[in-house]
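Shown next, in structure tokens, is the structure this report addresses.
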Amino acid sequence: MELTALAVGVELLPKGRIIYYSCTDEDLKKGDLVLVLGEFGLEVGKVLIPPRIIKIDEVGYDLKSIIRKLTSEDEEIHRKNLKDAEEAFEICKEKIKEHGLPMKLLHVKYMFDRSRLIFYFSSETRVDFRELVKDLAKIFKTRIELRQVGVRDEMKFFGGIGLCGMQTCCSRFLRNFQSVTLKHAKKQQMMINPAKISGPCRRLLCCL
């Protein structure tokens, strides 16, 4: 007998992976903001897939439960966190310049209870950001987390125009990246020209 659950699909990062959470509120709608337990603690997520019955075995991870739909008090806290995260973004950019670090800041996010401040960045090399973390901890008086992402994730944050003349798939609808190799191009009898089969991120086109 297959185990099923009523669940919603939630986005925790802009254009990020959709994560399913079990719920009891069938009235949740697309666009609703909910409080959930994420990787780093309490986070605010946006419902993208309304409540539906899913097979637990097909999800591939343990389903956590929605804590609650945001109340008016929660929304006020969330708005302040977003505003402060924008300010933290600008401060961190200046600190990166001061330390001369080869990294590009992409996104900053406060946990709902402000127990942690997370900075997402990309870099083509390994970065020694220990001194940067110390500076940020002194300024924001909370736990600092720096999370490095790949160049494909970088394109998802910034967006761009693909070779087809349309907005890149990753910034438009693609939530999860699949492994793409030259075999995919060869199967389609495409000319193996890097300029023709690579996207703005300098990686093989996701649409291959």
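Numbers here simply count residues along the sequence, with the first being 1. Computed from a prediction, not measured in an experiment: that's the story for all the values here.
Salt-bridge check for Arg17 with Glu11: failed, with every basic side-chain N at 4.0 Å or more from each acidic carboxylate O. Between Lys134 and Glu131 a salt bridge is recorded (basic side-chain N to carboxylate O distance below 4.0 Å). The pair Arg130-Asp128 meets the salt-bridge criterion, since a charged nitrogen lies less than 4.0 angstrom from a carboxylate oxygen. Ion pair Arg68/Asp74 flagged as a salt bridge, since at least one NZ, NE, NH1 or NH2 atom sits closer than 4.0 Å to an Asp/Glu carboxylate oxygen. For the pair Arg79 and Glu76, the salt-bridge criterion is not met [side-chain N within less than 4.0 Å of a carboxylate O].
Follow the hydrophobic side-chain contacts under 4.5 Å out from Leu70 and you never reach Leu48; the two are in separate clusters. Hydrophobic cluster membership differs between Ile19 and Leu35, with clusters built from Ile, Leu, Val, Met, Phe, Trp and Tyr side chains linked at under 4.5 angstrom. Follow the hydrophobic side-chain contacts under 4.5 Å out from Phe89 and you reach Phe129 in the same cluster. Both Val10 and Val59 belong to a common hydrophobic cluster when Ile, Leu, Val, Met, Phe, Trp and Tyr are linked at side-chain heavy-atom distances under 4.5 angstrom. By the criterion of side-chain heavy atoms lying less than 4.5 angstrom apart, applied directly or through intervening Ile, Leu, Val, Met, Phe, Trp or Tyr residues, Met111 is not grouped with Ile77; the two fall into different hydrophobic clusters.
The shortest side-chain heavy-atom distance between Leu105 and Ile96 falls under the 4.5 Å cut-off. Contact of the Ser122 side chain with the Leu106 side chain is registered, since non-hydrogen atoms from C-beta on lie closer than 4.5 Å. Side-chain contact between Val47 and Lys69: absent, with no pair of heavy atoms (C-beta onward) separated by less than 4.5 Å. Side-chain contact between Asp84 and Arg114: present, with at least one pair of heavy atoms (C-beta onward) separated by less than 4.5 Å. You'll find the side chain of Tyr120 stays beyond 4.5 Å of the side chain of Val108, heavy atoms only. Considering only heavy atoms from C-beta on, Ile91 comes within 4.5 Å of Ile139 through its side chain. Between Ile66 and Val36 the shortest side-chain heavy-atom distance falls below 4.5 Å. Residues Leu146 and Phe121 are in side-chain contact: their nearest non-hydrogen atoms beyond the backbone lie under 4.5 Å apart.
Looking at Ser65, its side chain never comes within 3.5 Å of a backbone N or O of Ile67 through a donor-acceptor pair.
When all heavy atoms are compared, the tightest approach of Asp32 to Asp27 is OD2-O, 4.3 Å. Here the closest non-hydrogen pair linking Cys92 and Leu136 is SG-CD1, 4.0 Å. Nearest heavy-atom pair, Ala7 versus Tyr20, reported as atom, atom and distance to 0.1 Å: CB-CD2, 4.2 Å. Across Gly45 and Leu12, no two heavy atoms sit closer than the pair CA-CD2, 3.8 Å. Looking at every heavy atom in both residues, Pro102 comes nearest to Val127 through O-CG2, 3.9 Å. Nearest heavy-atom pair across Lys64 and Gly38 is NZ-O, 3.9 Å.
Across Ile118, Leu82, Asn81, a single residue satisfies side chain to side chain contact (heavy atoms under 4.5 Å, CB included) together with Tyr110, and that is Asn81.
Taken from CG in Leu117 to NZ in Lys141, the straight-line distance is 13.5 Å, to the nearest 0.5 Å. Between the OG atom in Ser22 and the CG atom in Leu6 there is a gap of 8.5 Å [rounded to 0.5 Å]. Atoms CG and NE2, on Leu101 and His99 in that order, are 6.5 Å from each other to the nearest 0.5 Å. Here NZ of Lys104 is found 10.5 Å from NZ of Lys93. Values are rounded to the nearest 0.5 Å. Interatomic distance, CD1 of Ile54 versus CG of Leu3, reported as 11.5 Å (0.5 Å rounding). The distance from atom CD of Glu43 to atom CZ of Arg116, rounded to the nearest 0.5 Å, is 10.0 Å.
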Practice problem: In sequence, state the C-alpha distance, the side-chain angles, and the governing distance for Val34 and Val44, and then conclude on side chain to side chain contact (heavy atoms under 4.5 Å, CB included). | Solution: CA-CA 6 Å; Val34 291; Val44 174; over 6 Å; no
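Heavy-atom contacts from other residues, nucleotides or ligands closer than 6.0 Å to CZ of Arg143 number 12 or fewer.
Every pair tested for ring-ring contact (aromatic ring centres under 6.0 Å, His included) that includes a residue from residues 32-83 fails, sequence neighbours excluded, so the list is empty.
Below 30°, between 30° and 60°, or above 60°: for Phe140 and Phe119 the angle between ring planes is between 30° and 60°, a tilted geometry.
Glu39 meets the side chain to side chain donor-acceptor pair (under 3.5 Å) test with Arg147; sequence neighbours excluded.
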